[in-house]
2 protein chains.
Amino acid sequence: MQPVIKDITTSAHDRVYRGLRTRIMHGQIAPGHALTLRGIGREFDCSMTPAREAVNRLVAEGALSMSSSGRVATPELSNERIEELAALRALIEVELASRALPRAHMALIERLQTINATIADVVSNRDAVGYIRSNLEFHRTLYLRAQAPAMLAMCETVWLQLGPTMRALYTRLRRSEPPHYHRLIIAALKAGDEPGLRLAVRTDVTQGLKMIADRT
Amino acid sequence: MQPVIKDITTSAHDRVYRGLRTRIMHGQIAPGHALTLRGIGREFDCSMTPAREAVNRLVAEGALSMSSSGRVATPELSNERIEELAALRALIEVELASRALPRAHMALIERLQTINATIADVVSNRDAVGYIRSNLEFHRTLYLRAQAPAMLAMCETVWLQLGPTMRALYTRLRRSEPPHYHRLIIAALKAGDEPGLRLAVRTDVTQGLKMIADRT
DNA sequence: ATGGCTCTCTTGTGATCACGTTTGCGGGTC
DNA sequence: GACCCGCAAACGTGATCACAAGAGAGCCAT
C-alpha cells in the first residue's frame, strides 16, 4: 500500500484561491456570475472555511465584488472604472517594460516570439480564454525581467480586476488577427529603443480596452 | 431597559479589518511586530474567525507578511522593496494629482492649507504617528478630487505596505520642520501649473523614502 | 557558563453548527 | 395575463472544537 503523501506545499485555502484566481484572470467566468461558498467548497472538495478565506482575499483584491448581503459575484465594471484600470495598466506596465529593457537579452526575446506565435494559433481557433492567457503570459514574461515584484503584483491585481471584462470584450470582438503591437514591442526591445518601447506597450495596453468603453 | 441597537453598518470582520488597517497605515505598529489571531480576537472582543478574515485580507494587500507556518507579522521591507514602493507612489500619485488639478477649486486648497498647518503643529510635538496620519490626509484630500477610486485604492495599498516602515523612518529622523514640498504643491495648484505640480508631488513622495534606503 | 535537547504550551487550520437574513419561486389576487 | 405577497430553501456569519505543527522555556550535559 502506497503511503499517502501529505500535500505540504499548499494549504486548502491557497489551492482554492489559486484555482479561482486563474479562472477569473483568464476570463473563464463572465461578468456578473454569482458564486456561493458552499458551491465552491463542493467544487474544491473542502468545507466553507477555506472557500471563505479564498473569496475574501479575492474580494480584497477587487477580483470579486461583494453585495451588502455578503453575496459574492464577478464584477461588472462601469466604463469609468475600465478607463481607470486601463490607465493604471498603462502607467505600471510602461514602467515595468522600461525597467526590463536593460536586462532583456536574446533568450528573452526568443521566448516572447514563441509566445507570440502561440497567440497567433490561439486566435485562429477563436479561443478567447486561450488568447487572454497567452497575452498575459507575453506581458508577464517581459515584466519578470524588471526585477520588480511589488510592481508586478500590482499589475497582476489590475489584470485580475479586468479578467471577466476582457472575456466579455474578446468574445464579442472575435478578432482574427494576432496582436500587432506585440511585434512593435519586440522590435523596440531588439533595438534598445526605450521611447519606442514605452509607446508600444502603452498602445498595446490601451487599444483593446478602449473598445469596451466605446460600446455602451 | 434600553433596546440593544444592532450594529447594521459593519460586520465584525470589517471592524477588525478597519482597526488593524488604520493602525498599520498610520505607523502605530513597528516593523517585525508579531500578531496572533487569538490576541486580535481578545482585543476586538470576537472569536478567531473574524480575526482570521481581517488578517488574511491584510496579508493579501501586503500590509502583513505571513511566515510559512502561518504566523503573521508586520513586514520588514528590504531596501529594494522600499525603492520599488516609492517608485509606485511617485507613478500613481503624480497621475492622481494631475487628474485632480483641473477640478481643484479654492475650497480644496484652503482645506489643504489647514491640514498643512496641523502637520506643522504635530511636527513640533515630535508625534510621528500624528505626522504620518496628517501627511496621508493631505495627499488623500488632494487625490479624492481626481475622481479615480481604483487608483486611489491602489495608492492606499502602497501606503499600507509602507506604514510600519514610515514609522521606523520618522521616529529615527525626528524632523522638526514641516514638509517643504507641500507648499510647492499648493502653489502649483493655485497657479494651475501642471508640470510644477507633477514635479512637486514626485519630489515630496520620493524625498522621505530615499533616506531609508540610504541608511543601511 | 553555554550549547543542545526535550517537552509543553501556544498557534494556525479546517470542519461543523446554530442563527438571522435574503432570495427566488409558487400561488393567489386584481 | 400581470403583479404582489408569503413561505421555504439556501446563504453568509461567527463561534467552537479537534488536531497537528511550531516556538520557546527549562533542563541537563559538557
Side-chain angles (χ1 to χ4, degrees), chain A residues 3-21 23-24 29-76, chain B residues 1-21 23-24 29-76:
Chain A
V4 175
I5 306 224
K6 199 85 177 288
D7 191 353
I8 307 273
T9 60
T10 61
S11 48
H13 80 261
D14 220 53
R15 183 168 48 89
V16 178
Y17 169 74
R18 264 195 264 275
L20 290 178
R21 185 185 138 103
R23 214 178 286 182
I24 295 170
I29 311 181
H33 187 256
L35 295 171
T36 67
L37 296 185
R38 286 174 173 88
I40 293 169
R42 223 175 299 129
E43 187 174 355
F44 287 88
D45 202 49
C46 63
S47 82
M48 290 166 49
T49 312
R52 223 160 64 169
E53 292 198 20
V55 160
N56 275 318
R57 213 170 137 178
L58 289 165
V59 168
E61 291 173 325
L64 294 173
S65 71
M66 181 177 273
S67 79
S68 62
S69 69
R71 303 296 168 92
V72 87
T74 273
E76 306 185 75
Chain B
M1 176 172 161
Q2 277 201 350
V4 176
I5 306 223
K6 199 79 176 292
D7 191 353
I8 307 272
T9 60
T10 62
S11 48
H13 81 261
D14 220 53
R15 184 169 46 91
V16 177
Y17 169 74
R18 264 195 265 275
L20 289 178
R21 184 185 137 103
R23 214 177 286 183
I24 294 170
I29 311 183
H33 187 256
L35 295 171
T36 67
L37 297 184
R38 286 172 174 90
I40 294 169
R42 222 174 300 131
E43 187 173 356
F44 286 88
D45 203 48
C46 64
S47 82
M48 289 167 51
T49 311
R52 220 157 70 168
E53 292 199 19
V55 160
N56 275 318
R57 212 169 140 180
L58 290 165
V59 169
E61 291 174 325
L64 294 172
S65 71
M66 182 177 272
S67 79
S68 62
S69 69
R71 304 294 169 93
V72 87
T74 273
E76 306 185 75

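Side chains included, hydrogens not; waters and symmetry mates left out as well; all remaining heavy atoms used. Within every chain, numbering begins at 1; the chains are lettered A, B, ... in the order of the sequence lines, protein sequences first and strands thereafter.
In this structure, the CE atom of B/Met66 is 8 Å from the C1' atom of C/dG12, given to the nearest Å. The CZ atom of B/Arg42 sits 14 Å away from the C1' atom of C/dG12 (whole-angstrom rounding). The interatomic distance linking B/Asn56 (CG) with D/dG14 (C1') rounds to 15 Å, in whole Å. For the pair B/Arg38 CZ and D/dC17 C1', the computed distance is 10 Å after rounding to whole Å. Rounded to whole angstrom, the span from the CD atom of B/Glu53 across to the P atom of C/dG14 amounts to 14 Å.
Among the nucleotides C/dA15, D/dG14, C/dG12, the one closest to any side-chain atom of B/Leu37 is C/dG12. Nearest nucleotide to the B/Met48 side chain, out of C/dA15, D/dT13, C/dG12: C/dG12. Comparing C/dT13, C/dA15, D/dG14 against the side chain of B/Ser47 picks out D/dG14 as the nearest. With D/dG12, C/dT10, D/dA15 as the choices, the nucleotide that has an atom nearest any side-chain atom of B/Arg71 turns out to be C/dT10. Here the nucleotide nearest the side chain of B/Arg52, chosen from D/dG12, C/dG14, D/dG22, is C/dG14. Counting only heavy atoms from C-beta on, A/Ser11 has its side chain closest to C/dG14 among D/dG14, D/dA23, C/dG14.
A pairwise comparison of heavy atoms in A/Ala54 and A/Val16 identifies CB-CG1, 3.6 Å as the closest pair. Nearest heavy-atom pair, B/Leu37 versus B/Ala51, reported as atom, atom and distance to 0.1 Å: O-CB, 3.7 Å.
Residue B/Arg21 holds its CZ atom at 12.0 Å from CG of B/Leu64, rounded to the nearest 0.5 Å.
A donor-acceptor pair is defined here as one N or O able to donate and one able to accept, closer than 3.5 Å; such a pair exists between the side chain of B/Arg15 and the backbone of B/Phe44.
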Between A/Arg57 and B/Arg57, does the side chain to side chain contact (heavy atoms under 4.5 Å, CB included) criterion hold? Intermediate values first, please.
CA-CA 5 Å; A/Arg57 213 170 137 178; B/Arg57 212 169 140 180; over 6 Å; no
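Using a 4.0 Å cut-off, no side-chain N or O of A/Thr49 falls inside it from OP1 or OP2 of C/dG14.
Residue B/Gly39 is the one, among A/Ala12 and B/Gly39, whose nearest nucleotide of DNA chain C lies closer to the 5' end (criterion: closest heavy atom).
Here B/Ile40 lies out of heavy-atom contact (under 4.0 Å) with every strand.
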